[in-house]
Number of protein chains: 2
Amino acid sequence: MSMTKTGRTVKRRAGENDAAEAEPTPVHQDAKPPFDRIVEGDSIRVMASLPPESVDMIFADPPYNLQLQGDLHRPNHSKVDGVEEAWDKFADFASYDRFTADWLKAARRILKPDGTIWVIGSYHNIFRVGATLQDLGFWILNDVVWRKTNPMPNFRGRRFTNAHETMIWCAKDADARYCFNYEAMKSLNDDLQMRSDWLLPICNGGERLKDENGKKAHPTQKPEALLHRVILAATKPGAVVLDPFFGTGTTGVVAKRLGRHFIGIEREHSYVDVARKRLAKVRPVEDESLLATPSKREEPRIPFGWLVERGLLHPGTVLVSPNNQWTAKVRADGTVISADHRGSIHQVGAAVQGAPACNGWQFWCVPMEGKLVPIDFLRQRLRAELS
Amino acid sequence: MSMTKTGRTVKRRAGENDAAEAEPTPVHQDAKPPFDRIVEGDSIRVMASLPPESVDMIFADPPYNLQLQGDLHRPNHSKVDGVEEAWDKFADFASYDRFTADWLKAARRILKPDGTIWVIGSYHNIFRVGATLQDLGFWILNDVVWRKTNPMPNFRGRRFTNAHETMIWCAKDADARYCFNYEAMKSLNDDLQMRSDWLLPICNGGERLKDENGKKAHPTQKPEALLHRVILAATKPGAVVLDPFFGTGTTGVVAKRLGRHFIGIEREHSYVDVARKRLAKVRPVEDESLLATPSKREEPRIPFGWLVERGLLHPGTVLVSPNNQWTAKVRADGTVISADHRGSIHQVGAAVQGAPACNGWQFWCVPMEGKLVPIDFLRQRLRAELS
DNA sequence: CGAGACCGTGAATCACTAC
DNA sequence: GGTAGTGATTCACGGTCTC
């Protein structure tokens, strides 16, 4: 069957031939790969000029094809600074797919047989990227979700806050002997297996590169912590890491710091300029273990609504105050309603008492085995399950 | 160009026609949709038998075992030699894509213009599903990550623990007026916007259905909490929710409990059997008012002039901005006039501040009992009278 | 100097009705 | 169908300013 490991291998060869045929003018052919350098130029052409099977890992942050329609304003009327660069404009899905297949074929040709590729994207493009990766014979190892601690909110209240991006991690074929530093990932995660969802802040503050006017140097600069985990997970020291959409060079910075080689390809001269200066300041670390900052275990906050979702309480259940003086009914959305008030357990608790504030977790009770038990008991039970 | 909202609309019509043409033998044509029932049979055929534009939401958990799907939809393939095997492998992805496109087209035909569809999957199939959804003209609203609190560990230590699944939520086109119960989701999350990453345990314990031998009734039973959030987010009470791969009926159970109608389609008799028994035990929440969260957007519109007509404000009354900086006088026709501007409360509010827009209901105040109260308070009073 | 208020901002496919 | 008008809508941080 085509989903077998053998099947993948056959397909891969086909993909490589295609890429080779499409190769335009060679640039570095027969030359040594341009280690630890930025090559200014078109990704596909530059990759086509590199020796086949010469890089250990590829990290790619291609244009997302965002298709933003009009301006978006915050509630305070300020305008959201969206991605308006020409490099993110594609005529339609077909041309985006063609672009994706072209650069992925070129990437596949230069990837070592046991190398891996990471591609990051959002729902605008990631499904097309993933399907193309599979079509070209790449073997998906994981899809990894980057959960942002501080995403931009949804200002109009019409969707869920878009709080994550997706990375697809692939080996070249199903039976490739790719590199995964299991132990490093485990120790980075308090000695628990690293999961496929990573919680990391977006890049801002001092790390965010800005020009002399305070304008961001690149609209989509990735945080170094993200690349740290990627490179640490999937390469050994001394490996060659290539980034075909180098931007301001985050991949190169982290690779260099971690004792890996990098190759950066970037078309925009202004980005190349920023990346060169940035890289010049980076010094590789002597002792790698110093960088293994364990991730903090998150203690999940438990919204009251989760008790309803999870069936620990049902819509219509009556909550009672400790003295039996007040009652409130549970609603499906996790609010409660008393005779005169509707809102959160805290709001309604405060309102019925005429108090300025109230801890609804302690105030509201449910009868259990003949006694009134605060709903905090249920929260504790749920927290134990969720941790 | 084809990526515009208009483009989407055109594409949608095409998709519907395709589906209509592909329709096989009608089963329930011209009949009322089989509300609150399970239909035993093939998803695509059953959906083709339903009236067009008749369901409000579709939740689908399609099979992603490409090997099993392959032989269902593959065109005739009698012999394969070594070379053709590569084609065969490719044909497998292609046949899964064909299967996906077929059921999604059938789903699209029966979905109301303002309905939405949710599809859940893992990295094995979700990229192909997402690309097909886009190709058919569906407009992605969010990709939502279900983070599992208790995923299966990775035993061989060769990858990250696969700790999540992905749901894609789509409207029928870019300019559809889909349903999103923003306030309900916000309430459910302690009054913070609901994000695109959801933390929920997998289905086990008492909720997990097992046969008399303790064997799981279904390999991938979804937790009811997941469906609770999905259905509460994207439907109103009374809506029709269809699940074309019903399994043991989690979608139906939650829909019924939350006062929505369900239609379940399932091919395997054993699953239908389990689902029927399970559904018979479910009792809907009695009080419908516990199910829906009121939203400001849906409240009846009250023109400012009505306050003047009804005597809650009089011509000549002076409105004041919260900081006492600006004033405007009420006119008999429901416009207001400041030193330099005349127009609606919104227009004058914006003009005096030099802002691009202004919500006059919140901006303008009247003194009441020594304090400045926004005129929105008067609107609420009038609304109460009129309801 | 520290605490707290205030402001700016991030890969964003972000209304709806009435005329 | 196009245009104009109404009016609903934000979380986590980092940096700066104020007291």
Side-chain angles (χ1 to χ4, degrees), chain A residues 61-85 87-88 90 93 120-126 146 148-166 201-208 210 214-216 218-223 245 247, chain B residues 3-8 114 134 138-143 170-171 173-178 180 182-183 186 189-196 295-305 334-335 343-347 349-350 356-363 376 379:
Chain A
D61 183 11
Y64 285 10
N65 189 19
L66 284 185
Q67 307 164 55
L68 305 180
Q69 302 283 351
D71 288 347
L72 177 65
H73 293 91
R74 304 165 197 272
N76 65 6
H77 306 305
S78 67
K79 183 168 171 275
V80 173
D81 184 16
V83 178
E84 287 165 7
E85 275 73 3
W87 48 253
D88 198 45
F90 294 84
F93 281 130
I120 185 167
S122 66
Y123 67 84
H124 309 84
N125 70 324
I126 199 65
W146 167 29
K148 303 178 184 184
T149 55
N150 47 351
M152 193 185 300
N154 186 290
F155 295 117
R156 304 305 293 267
R158 300 298 299 148
R159 304 181 177 194
F160 300 101
T161 302
N162 192 4
H164 73 277
E165 294 188 28
T166 302
I202 61 175
C203 178
N204 55 16
E207 190 186 325
R208 188 84 196 213
K210 300 193 171 150
K215 192 174 159 285
K216 46 189 176 185
H218 192 283
T220 70
Q221 186 183 339
K222 294 290 173 287
F245 307 99
Chain B
M3 309 303 289
T4 61
K5 298 194 162 198
T6 312
R8 292 276 76 73
D114 294 339
Q134 291 180 310
F138 287 102
W139 189 248
I140 300 180
L141 298 169
N142 281 111
D143 58 332
C170 297
D173 341 274
D175 38 18
R177 299 199 204 157
Y178 58 91
F180 177 55
Y182 175 75
E183 296 78 10
K186 198 169 169 177
N189 195 38
D190 272 356
D191 281 330
L192 289 178
Q193 287 190 338
M194 186 71 80
R195 297 167 40 115
S196 57
S295 92
K296 286 192 188 174
R297 281 186 174 91
E298 284 157 17
E299 284 184 283
R301 201 174 140 261
I302 308 273
F304 175 71
T335 59
S344 72
I345 49 172
H346 314 295
Q347 289 166 339
C358 168
N359 182 340
W361 292 107
Q362 297 296 337
F363 181 71
D376 196 40
R379 178 170 65 160

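Given the structure is predicted, the values throughout are model-derived calculations rather than measurements. Naming convention: chains lettered A, B, ... in sequence-line order (proteins, then strands); numbering from 1 in each chain.
Taking every heavy atom of both residues into account, W87(A) and P219(A) meet most closely at CZ2-CG, 3.7 Å. Scanning both residues, L66(A) and D88(A), for their nearest heavy atoms gives N-OD2, 3.0 Å. The two residues Y123(A) and Q134(B) come nearest to each other via the heavy atoms O-NE2, 3.8 Å. Between T149(A) and R195(B), the shortest heavy-atom contact is O-NH1, 4.1 Å. Nearest heavy atoms, R297(B) versus R158(A): NH2-CD, 4.0 Å. Contact between H346(B) and G360(B) at its shortest, heavy atoms only, is ND1-N, 2.9 Å.
dT9(D) sits 24 Å from dG10(C) when the P atoms are compared, rounded to a whole Å. Nucleotides dT6(D) and dT13(C) have their P atoms positioned 29 Å apart, rounded to a whole Å. Nucleotides dG7(D) and dA12(C), compared at atom P, are 30 Å apart to the nearest Å. When the P atom is used for both dG15(D) and dA11(C), the distance is 16 Å, rounded to whole Å.
Distance, L66(A) CG to dA11(C) P: 11 Å, rounded to whole Å. When the P atom of dA12(C) is taken as reference, atom NZ of K148(A) falls 6 Å away, rounded to whole Å. Remark: P of dT9(C) and NZ of K215(A) are 12 Å apart, rounded to the nearest angstrom. Atom CG in N162(A) sits about 9 Å away from atom C1' in dT13(C), given to the nearest Å. A straight line from CZ of F180(B) to P of dC14(C) spans 14 Å, rounded to a whole angstrom. Nucleotide dT13(C) holds its C1' atom 9 Å from the CG atom of N65(A), rounded to whole Å. Rounding to whole angstrom units, CD of residue Q221(A) and C1' of dG10(C) are separated by 12 Å. Going from atom CG of D175(B) over to atom C1' of dT17(C) covers 16 Å, rounded to whole Å.
An OP1 or OP2 oxygen of dT13(C) is reached within less than 4.0 angstrom by a side-chain nitrogen or oxygen of Y123(A). OP1 or OP2 of dG10(C) sits under 4.0 Å from a side-chain N or O of K216(A).
As judged by a 4.0 angstrom heavy-atom cut-off over every strand, P62(A) is placed among the base-contacting residues. Counting non-hydrogen atoms under 4.0 angstrom, G343(B) reaches nothing in the nucleic acid. Within the nucleic acid shown, R159(A) comes within 4.0 Å of at least one base atom, counting heavy atoms only. G206(A) comes within contact range of the sugar-phosphate backbone alone, with a heavy-atom separation under 4.0 Å but no base atom that close. Residue S122(A) is classed as having no contact, given no heavy-atom separation below 4.0 Å to the nucleic acid.
With hydrogens and angles ignored, a donor-acceptor pair under 3.5 angstrom links the side chain of D61(A) to the base of dA11(C).
Look at dT13(C): its glycosidic torsion is within 90° of 0, and that puts it in the syn range.
Between the CG atom of N150(A) and the CD1 atom of I202(A) there is a distance of 4.0 Å, given to the nearest 0.5 Å.
When Watson-Crick and G-U wobble pairs are counted only if both distances are under 3.5 Å, dA18(C) pairs with dT3(D). Remark: dT9(D) base-pairs with no nucleotide in the shown strands. Criterion, Watson-Crick or G-U wobble with two distances under 3.5 Å. With a cut-off of 3.5 Å on both pairing distances, dA12(C) has no Watson-Crick or G-U wobble partner at all.
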Sugar-phosphate means primed atoms, P, OP1 and OP2; the rest is base. With that split, encode nucleotides 2-11 of chain D 5' to 3' as B, S or - using protein heavy atoms under 4.0 Å. ----SBBBBB

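Remark: of the listed residues T161(A), N162(A), V80(A), V80(A) is the sole one forming a side-chain contact (heavy atoms from CB on, under 4.5 Å) with M152(A).
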Run the side-chain contact (heavy atoms from CB on, under 4.5 Å) check on Y182(B) and Q193(B) step by step: do they pass? CA-CA 8 Å; Y182(B) 175 75; Q193(B) 287 190 338; 3.1 Å; yes

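The residue among I140(B) and I202(A) whose nearest nucleotide of DNA chain C is located toward the 5' end is I202(A). Between A176(B) and K222(A), the residue anchored nearer the 5' end of DNA chain C, judged by the nucleotide with its closest heavy atom, is K222(A).
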